Amino acid sequence: ETVGQLLDRIAATHPDRPALVVRGQSVRRTYGQFHAEVERVAAALLALGLARGERIGIWAPNRAEWVVLQFAAPMAGLVLVNINPAYRLHELEFALNKVACRALVLPRRFKTSRYLEMLLELAPELALAAPGALASVRVPSLREVILLDDEPAPGTRRWSELAALASADALSRMREQAASLAFDDPANIQFTSGTTGAPKGATLTHHNIVNNGYFVGESMRLTEQDRLCIPVPFYHCFGMVLGNLACVTHGACMVIPGEGFDALTTLETVAAERCTGLHGVPTMFIAELDHPQFREFDLSSLRTGIMAGSPCPIEVMRRVVNEMHMSEVTIAYGMTETSPVSFQTVPEDPLERRVASVGRVHPHVEVKLVNEQGEIVPCGETGELCTRGYSVMLGYWEDPARTTEAVDPAGWMHTGDLAVIDDEGYCTIVGRLKDMIIRGGENVYPREIEEFLYTHPKVQEVQVFGVPDAKFGEQVCAWVHLREGATATEAEIQDFCRRHLAYYKVPHYVRFVTSFPMTVTGKVQKFLMREAMARELG
Ligand code: ATP
Ligand code: MG
């Protein structure tokens, strides 16, 4: 099934069920209304002269138009390019040129960021061009700029003008084009989070993302009765696949609290919309649980949701189950390159399993763990996780060298993650190959030390990583964010570890911080922390 065929089918089955609620924009759409809007935008994009296979970028926070374009672009045979709302000029230029974007959709501004002004800096020709006739020196592929506000700007079109282009004729041409698409055509280019370095553009097909969304929704037992609160960004697979596509494949309602993540707005949305599910990365759940007004909200409608994106501390899981009523909360593991999910817990899994593992492998995905020599390791031993199946990307966009590095000739995706799988098939992510610390020949897994430090009553959040060391190769370093009002010394944290952990795991350096460098998906960028420590230590 293509993305367009999926929406046609669901909207025909449940035309009057709620599809989309966007609280910040006061938008409410049934599946029938949403489908009609998607079709109009798809027809308009073709009427603008965009051709099958061409790339259309969206550089915007979570808004209704994002969801509409997510379905309209692939329905029209275009490739949707998700552009991180946090990107600035340099990164935008890189992304647009990397995939030769023909069109770009953006709001005039988002919070304090002046998107249109930034774009004009990149493409000053826009100010003089007629809409659709941009000839930019720095982004030669770009022709069309579509603004998400009503205020007009030279050279651009407004999103609200698109509907008028969707004549009966344009609609029937679009439907013809939609019917000619293949399920393994590229539908979407997503950039990875950039946790370990520069983001990579993964090309995903209709088949990749529609099916992954479906299996994610199955693991959550979603039905058309569900209302899923999605505060995670759409530009990332967490929002668009685990959120939006999991809902649409099951006829459930997508509930969007606002443009960026805010703990209070998320809590308000869950309570006011009686949401049955809530997604988040661990830091988002921590922010919600620790919010001073947390107790004021009735969250009893919650049943499920996904915690993913990075290691999920056991304490946070327990609180999500006990204090947020999310008894069926599931943990998922995946990566952009595999559409993304390959492991997920199901509600039947006992809580201990759900807190200690990322569950079992998804249907139709094969998995193996290998050592440095590429040999399969025995059950219960640590190895690099490799996955194979329908969900593996087509490749990094026009980057065959990096694609062959990641996906071997037999089709195995080498994830770069270290994992252990027990004899019942439950998988535990031990950490990233790149984050593993080798101290004087001993392998140290930061996650183990982090889990332990979370049991310290003064610790709110902690990140452990390796820093270069002349004598030991690497030394263990911990950055600690203390709870409000708490104070502690380096020696106190080290003593705490020394009593329970082997000497080589005790952090040699402890630094107290109030925040960590993060991607907008809420992932801690340890490579930046390593760089900061390297500067400090000279
Ligand atoms: P980049 O590849 O650009 O460095 P990234 O790998 O963080 O960034 P994503 O594709 O967004 O980009 O994230 C996938 C990674 O996130 C996985 O490879 C894994 O390291 C981590 N991850 C995802 N889910 C989990 C989880 N449940 N537990 C532990 N780690 C997870
Ligand atoms: Mg990655």
Side-chain angles (χ1 to χ4, degrees), residues 82 84 87 91 94-95 98 188-204 208-209 212 216 219 232-242 279-283 285 305-314 316-317 320 329-345 353-362 367 384-387 391-393 396 399 402-403 405-407 413-420 426-436 445-448 450-451 463 517-528 530:
N82 306 5
N84 187 330
Y87 276 5
E91 298 143 313
F94 169 84
K98 180 98 197 152
N188 184 212
I189 298 172
Q190 295 179 17
F191 289 92
T192 59
S193 287
T195 311
T196 57
K200 303 164 284 250
T203 309
L204 301 170
N208 282 154
I209 56 177
N212 205 252
V216 167
S219 300
V232 292
F234 293 155
Y235 89 86
H236 189 262
C237 44
F238 199 175
M240 81 167 266
V241 181
L242 281 69
H279 280 1
V281 296
T283 48
F285 284 108
I306 296 180
M307 198 190 300
S310 61
C312 306
I314 290 168
V316 181
M317 249 325 251
V320 164
V329 63
T330 92
I331 294 262
Y333 160 84
M335 67 194 308
T336 309
E337 293 90 334
T338 60
S339 307
V341 176
S342 42
F343 283 86
Q344 192 172 1
T345 63
R353 290 295 201 179
R354 278 186 277 155
V355 294
S357 80
V358 293
R360 291 195 261 205
V361 69
H362 251 213
V367 57
E384 185 189 4
L385 181 62
C386 300
T387 57
S391 56
V392 176
M393 64 175 177
Y396 294 121
D399 197 344
R402 285 172 100 184
T403 304
E405 250 172 61
V407 186
M413 172 81 215
H414 293 254
T415 65
D417 289 313
L418 293 168
V420 182
Y426 288 92
C427 175
T428 303
I429 304 296
V430 176
R432 290 184 188 246
L433 207 49
K434 281 192 179 169
D435 284 343
M436 192 175 76
Y445 302 106
R447 167 111 192 238
E448 184 193 346
E450 288 163 5
E451 288 285 0
Q463 297 295 333
M518 274 208 213
T519 67
V520 272
T521 38
K523 293 204 211 191
V524 177
Q525 295 170 299
K526 290 190 177 175
F527 80 98
L528 292 178
R530 274 192 286 271

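Small disclaimer: the values here were computed from a predicted structure and weren't measured. Each residue takes its place number in the sequence, starting with 1. Both ligands and their constituent atoms are indexed starting at 1 by order of listing.
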Can you tell me which portion of C237 lies within the under-4.0 Å heavy-atom range of ligand 1? Options are side chain, backbone, both, or neither. neither
Looking at T415 and D417, would you say the former's side chain and the latter's main chain have a donor-acceptor pair under 3.5 Å? yes
Report, in ascending order of atom number, the atoms of ligand 1 lying under 4.0 Å from any heavy atom of A332. 24 (N), 26 (C), 27 (N)
Report the part of T336 (side chain from C-beta onward, or backbone N, CA, C, O) that has a heavy atom under 4.0 Å from ligand 1; answer both or neither where that applies. both
May I ask you to check if ligand 1 and A308 share an N or O to N or O distance below 3.5 Å? no
Listed partners of E91 passing salt bridge (Lys or Arg N to Asp or Glu O under 4.0 Å), at least two apart: none
Drop me the distance from N188's CG to C237's SG, to the nearest 0.5 angstrom. 9.5 Å
What do we get for V358 next to ligand 1 when only non-hydrogen atoms under 4.0 Å count, side chain, backbone, both or neither? side chain
Look up atom CD in Q190 and atom CE in M240, then write down how far apart they are to the nearest 0.5 Å. 5.0 Å
Can a non-hydrogen atom of A202 be found less than 4.0 Å from any atom of ligand 1? no
Donor on one side chain, acceptor on other, Q344 and T330, under 3.5 Å: yes
Heavy atom to atom 6 (O) of ligand 1, shortest distance: which of R432, M335, K434 holds it? R432
Closest non-hydrogen atom pair, V316 against P282: CG1-O, 4.4 Å
Search all heavy atoms of T196 against all heavy atoms of R432 and return the closest pair with its distance. CG2-NH1, 3.5 Å
Short N/O distance, under 3.5 Å, between T196 and ligand 1? yes
By side chain to side chain contact (heavy atoms under 4.5 Å, CB included), E405 pairs with (sequence neighbours left out) none
Taking every non-hydrogen atom, the tightest pair across Y87 and A95: CE2-CB, 4.0 Å
Check whether any N or O atom of P199, backbone or side chain, sits under 3.5 Å from an N or O atom of ligand 1, and answer yes or no. no
Can you figure out which of R447, M307, K523 has its heavy atom closest to atom 16 (O) of ligand 1? K523
Check ligand 1 against T192 and write out every atom of the ligand that is under 4.0 Å from a heavy-atom position of the residue. 1 (P), 2 (O), 3 (O), 12 (O)
Looking at ligand 1, does G416 have a heavy atom less than 4.0 Å from it? no
What part of H236, side chain, backbone, both or neither, has a heavy atom within less than 4.0 angstrom of ligand 1? side chain
